[in-house]
Amino acid sequence: MVSWNSLLGVHARNADLDEVLALFELMPEKNLVSWNSLLSACARTGEIQVAMQVFESMAQWDLFSWNTMLAAFAQQGALEQANYLFKNIPERDRVSWNSMLTLHTESGHVDQAKNLFEEMPQHDLVTWTCMLVVNTQRGLVDDAKSVWMSMPEWDLISCTTIMCAYVSDGELKEARRIFDQLPQRDTVSQSAMISAYAQSGHLEDAKLLLNEMPLQNLICWNEILAATAQEGRVQRARQMFEEMPHHD
RNA sequence: AAGAACUUUGGAU
C-alpha cells in the first residue's frame, strides 16, 4: 500500500493526472493518503472542478485533505471558496494559514496579507517568505527589506527571495553579494541569478555563472539564449542551442 | 517532548 502511494505521489507531484487516475483504478486498496494524492494531482493540474468532486466524494478528510483543497483554491485565487472552507474545517494548522496567505501573495494584495499575518497564531519561514514575496511583487522592496530584518531565522528559500527583491529593484551587485553568501546553492538560486544577469544585458556574467553550475537546467539556457537573440546575434543563439546539453 | 516509510503551504521562468 505504501509503495502504491509512493508511486501515486510521484505522478501527483509531476501533475500527471492521467497517470494518477490510471494507478488509482489499478490499486487493490486505497486509504486516505491515496485519496489525498489524487486530490493533490487535480489541484496541481488546475482541475479545480474535478478536485472539488473528488473532495466531496471522499469518505473522510484530514488536515492534508483540507489543506490540499485550500491550496487549490488559493492557486486559483478563489477567495470566497477558500474563506468558506477555511472557516468551516474542524481544525487548522500552520499549513492551512499559510495557504490562505499565499492566496493574497499571488494576487499581490499586500494589505490583506498583512491583516492575515497579524491574525495568524504562528509565523514560520513559509509565512515570512510570503510576506517578502508580496511586498516585492508590489515593488515595495524597502518593505521587503524590513520584513527581512524582522525575521527570526532564514533559509535558502528566503535568502533567494530577498536576492530576487534586490534584482527587481535593479540592485544587481547587492544581489550578487547575497548570492555569494548563500548557505547553499540549488538550481533555483542559480537560475535566479543567471536570469537576473541575462535579463539585464549582462550576458557574460550569465554565461560565466552557467559554466560554474553543477546543475544546469533548461530555464538558464532559455534565459541565455533569449538574451543572445535579443542582442541580435541569432546565428550565435542557434549555434548555442545545438551545443546545449540534453539533461532535463 | 528518543528513532520510524506514502499525501498538503513559501523562492528562479
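Lettering of chains follows the sequences in order, A, B, ..., and the numbering in each one begins at 1.
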Asks: Touch check for S191(A), heavy atoms < 4.0 angstrom, all strands: base, sugar-phosphate only, or nothing?
Replies: base

Asks: May I have the distance from M100(A) (atom CE) to G10(B) (atom C1'), rounded to whole angstrom?
Replies: 16 Å

Asks: In terms of side-chain heavy atoms of Q199(A), which of G11(B), A12(B), U13(B) is nearest?
Replies: U13(B)

Asks: Produce a footprint string for nucleotides 3-9 of chain B: one letter per nucleotide, 5' end first; B if the base is under 4.0 Å from any protein heavy atom, S if only the sugar-phosphate is, - if neither.
Replies: --BBBBB

Asks: By the 4.0 Å heavy-atom rule, please label L125(A) as base, sugar-phosphate, or nothing.
Replies: base

Asks: Going by ring-ring contact (aromatic ring centres under 6.0 Å, His included), name the pairs with one or both residues in residues 8-49 of chain A, residues two or more places apart or in two chains.
Replies: F24(A)-W35(A)

Asks: What's the closest nucleotide to the A192(A) side chain, out of A12(B), G11(B), G10(B)?
Replies: A12(B)

Asks: Would you mind listing every salt bridge (Lys or Arg N to Asp or Glu O under 4.0 Å) that reaches into residues 172-196 of chain A, with sequence neighbours excluded?
Replies: E174(A)-R177(A), R176(A)-D180(A), D180(A)-R185(A)

Asks: Starting at CD1 of I157(A) and ending at P of G10(B), how long is that distance when rounded to a whole Å?
Replies: 9 Å

Asks: Check side chain to side chain contact (heavy atoms under 4.5 Å, CB included) between T187(A) and all other residues, then give those that pass, not counting sequence neighbours.
Replies: L215(A), N217(A)

Asks: For this output row, return yes or no: ring centroids of F86(A) and W97(A) closer than 6.0 angstrom.
Replies: yes

Asks: With a cut-off of 6.0 Å (strictly less than), are more than 12 heavy atoms of other residues, nucleotides or ligands near CZ of R236(A)?
Replies: yes

Asks: Just jot down the ring-ring contact (aromatic ring centres under 6.0 Å, His included) partners of F117(A), sequence neighbours excluded, or say none.
Replies: H123(A), W128(A)

Asks: If a pair satisfies ring-ring contact (aromatic ring centres under 6.0 Å, His included) and one of its residues is in residues 138-165 of chain A, list it, with sequence neighbours excluded.
Replies: W148(A)-W154(A)

Asks: Is any side-chain N or O of T161(A) under 3.5 Å from a base N or O of G11(B), one able to act as donor and the other as acceptor?
Replies: no

Asks: Give a yes or no on whether a donor-acceptor pair under 3.5 Å exists between the nucleobase atoms of G11(B), that is its base, and the side chain of D155(A).
Replies: no

Asks: Residues from residues 162-185 of chain A sitting under 4.0 Å of RNA chain B, heavy atoms only?
Replies: C164(A)

Asks: Which pairs, with at least one residue in residues 170-206 of chain A and sequence neighbours excluded, count as a ring-ring contact (aromatic ring centres under 6.0 Å, His included)?
Replies: none

Asks: Side-chain heavy atoms under 4.5 Å apart, restricted to Ile/Leu/Val/Met/Phe/Trp/Tyr: what other residues fall into the cluster of L79(A), or is it alone?
Replies: L103(A)

Asks: Take atom CE of M213(A) and atom P of A12(B), then tell me their distance rounded to the nearest Å.
Replies: 15 Å

Asks: Specify the separation, in whole Å, of atom CE of M193(A) and atom C1' of A12(B).
Replies: 11 Å

Asks: NA contact type, E223(A), heavy-atom cut-off 4.0 Å: base, sugar-phosphate, or nothing?
Replies: sugar-phosphate

